[in-house]
Amino acid sequence: MDTTRFERLLAPHHDAALAFARCLCRSRADGDDLFQIALVRALDHLDGLRDETAFKSWLYRIIVTSHHNSVRRSFWRRLVPFSDHEPPASADDAIDEALGGAQRAARALSTLPAAQREAIILFEIEGWTVEQIASVQSCSVSAVKSRLARGRERLRHVYLHRLGGEALAALPAPEGSV
Amino acid sequence: MSIDDTITHDLHAFGAAHGHPRAAAPEPALRGHQPATSSERTALAVQRSATRLRVERLGPTHARRMARAVTGVAAVIAMAGLYDFLTDPAVSIEPAFNILGVLVLLAIVYLITRAVSARRFRRRFVRARRDGLEETYAAKARERVERLDGWSTGLAVFGLSCVVPFLAALYVCEPGWSGDYPPIAEAVFGMHTLRTCALVSIVPALLLGSAVTGGRGERRAWLRYLESPLALAVALGLAVIAFGVAISAAERSTMETMSAAGKLGRAVLAQVAITSLAAWTALRLRRGELARIGLSPAGRAT
């Protein structure tokens with residue numbers, strides 16, 4: 001395994017990819033686990049990467065695939081409850097006025113299906129184009145647009161009806177917001 | 001401020017909280033124990049991934065080696081037990097049922113041992129990761145896999161050497177195959193007594209196991225010869241000669257007139273052929289495993 005080459009390729013994208021993995025998961029620990037699983041898989045298949053300029057999208061595709069696998073696995077995990085298993089976050093919790101913006105977004109994002117969540121995070125937080133997201137998610141551009149629109153609609157619904165959106169919308173705009 | 005603005009603002013705050021570089025820098029408290037600079041973080045992440053990958057590659061090899069060793073022992077026990085049972089004249093032999101029974105028993109033993117071993121390996125690694133002992137575990141796992149090398153090769157060869165003639169003997173008892181069950185079956189059973197199997201196979205099997213333990217085997221020329229196609233051809237030739245002579249002797253009804261030394265010589269020849277075939281199979285399996293876990297068959301770690 002060529003760790004030197006992998007390190008050289010990973011270095012410019014490490015922080016962003018780690019942040020992306022953390023955003024996909026419900027907790028930082030899960031995100032770190034997902035990131036490491038993706039790195040192990042990437043290192044294992046590094047020989048198959050012909051075009052080094054495509055490393056970033058290749059790595060993100062691996063993260064997305066690993067995330068899908070973990071979501072699928074957690075379905076089975078739900079059938080067998082463990083005492084130390086983290087309870088899934090729910091947007092049905094009572095409105096918490098003290099919730100920060102990040103926590104509100106985390107709760108709202110946790111209600112989205114995995115594909116919509118990935119598309120929203122890549123588009124809104126990472127600033128990727130629809131075409132780039134389509135290549136990472138291995139789907140068509142129109143499918144990505146549909147996921148973004150549905151995801152945004154779902155977030156709006158969650159904010160309005162479950163997270164006290166009316167009250168939030170009445171707040172003054174925070175500094176630096178768009 | 002519209003609800004969409006709030007969502008956008010919250011998503012950016014969410015990105016910043018998870019340390020996204022496009023957003024604001026994460027708070028120091030959120031950084032945890034990570035090193036300060038990005039290059040150090042990358043190097044650490046790559047190092048951890050490489051360690052984990054090494055262990056993950058060792059896992060299936062460890063499970064397969066354990067399963068081969070245990071299945072080898074199970075094959076010897078099954079052969080010993082059933083041999084006594086089937087050679088009892090009072091017992092009516094059901095060849096097809098017994099062949100299937102032995103094969104199913106060995107397959108079950110192999111699959112269960114492999115599954116249990118893989119699970120235990122994974123659980124130990126998870127515990128080691130939790131305690132931050134990944135590197136130590138990787139080194140220990142490698143040692144364990146290398147230690148198992150000899151046992152898995154030796155016991156697998158011995159098990160195969162015992163069970164193959166036994167199954168062959170059962171096979172020729174099939175009325176559809178021989179048409180004339182007693183003389184041929186007697187010939188084959190007569191050749192392959194448990195004592196012959198044990199004496200002829202156990203010594204080379206244990207020698208082979210000892211020779212490959214700890215990766216020493218790669219430097220031995222005779223081992224390289226044993227896993228070459230030439231060795232396979234020689235072993236197949238010996239097997240054809242031994243079984244051909246046995247069957248023709250049985251058909252000509254000369255078994256009774258053959259001397260004890262002649263019978264023993266033929267039995268030893270057949271058993272040598274079978275042991276060579278078993279050794280060739282085990283060594284070829286081992287060669288594939290060494291390539292998978294990062295040890296080239298021609299030398300030490302790559």
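Proteins come first, then strands; the chains are lettered A, B, ... in the order of their sequence lines, and each starts at number 1.
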Trainee: Side chains of B:R57 and B:V145: closer than 4.5 Å at any heavy-atom pair?
Mentor: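 Side chain of B:R57 against side chain of B:V145, heavy atoms only: no contact under 4.5 Å found.
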Trainee: Strictly by modelled atom types, are B:E135 and B:T51 linked by a side-chain donor-acceptor pair under 3.5 Å?
Mentor: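 B:E135 vs B:T51: donor-acceptor pair found between side chains.
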Trainee: Considering only heavy atoms, which portion of B:R129 lies under 4.5 Å from any heavy atom of chain A: side chain, backbone, both, or neither?
Mentor: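 Just the side chain, heavy atoms under 4.5 Å.
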Trainee: Side chains of A:R154 and A:Q116 only: does a donor on one sit below 3.5 Å from an acceptor on the other?
Mentor: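 Distance-only check fails for A:R154 and A:Q116.
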Trainee: Under a 3.5 Å threshold, yes or no: a donor from one side chain and an acceptor from the other, between A:Y60 and A:E126?
Mentor: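 The answer is yes; a qualifying pair exists.
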Trainee: Measure distances from B:E56 to the heavy atoms of chain A and classify the residue's part below 4.5 Å as side chain, backbone, both or neither.
Mentor: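 For B:E56, side-chain heavy atoms alone lie under 4.5 Å from chain A.
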Trainee: At a heavy-atom distance under 4.5 Å, which candidate from A:L10, A:D44, A:T3 has the highest pair count against chain B?
Mentor: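 Between A:L10, A:D44, A:T3, the count favours A:D44.
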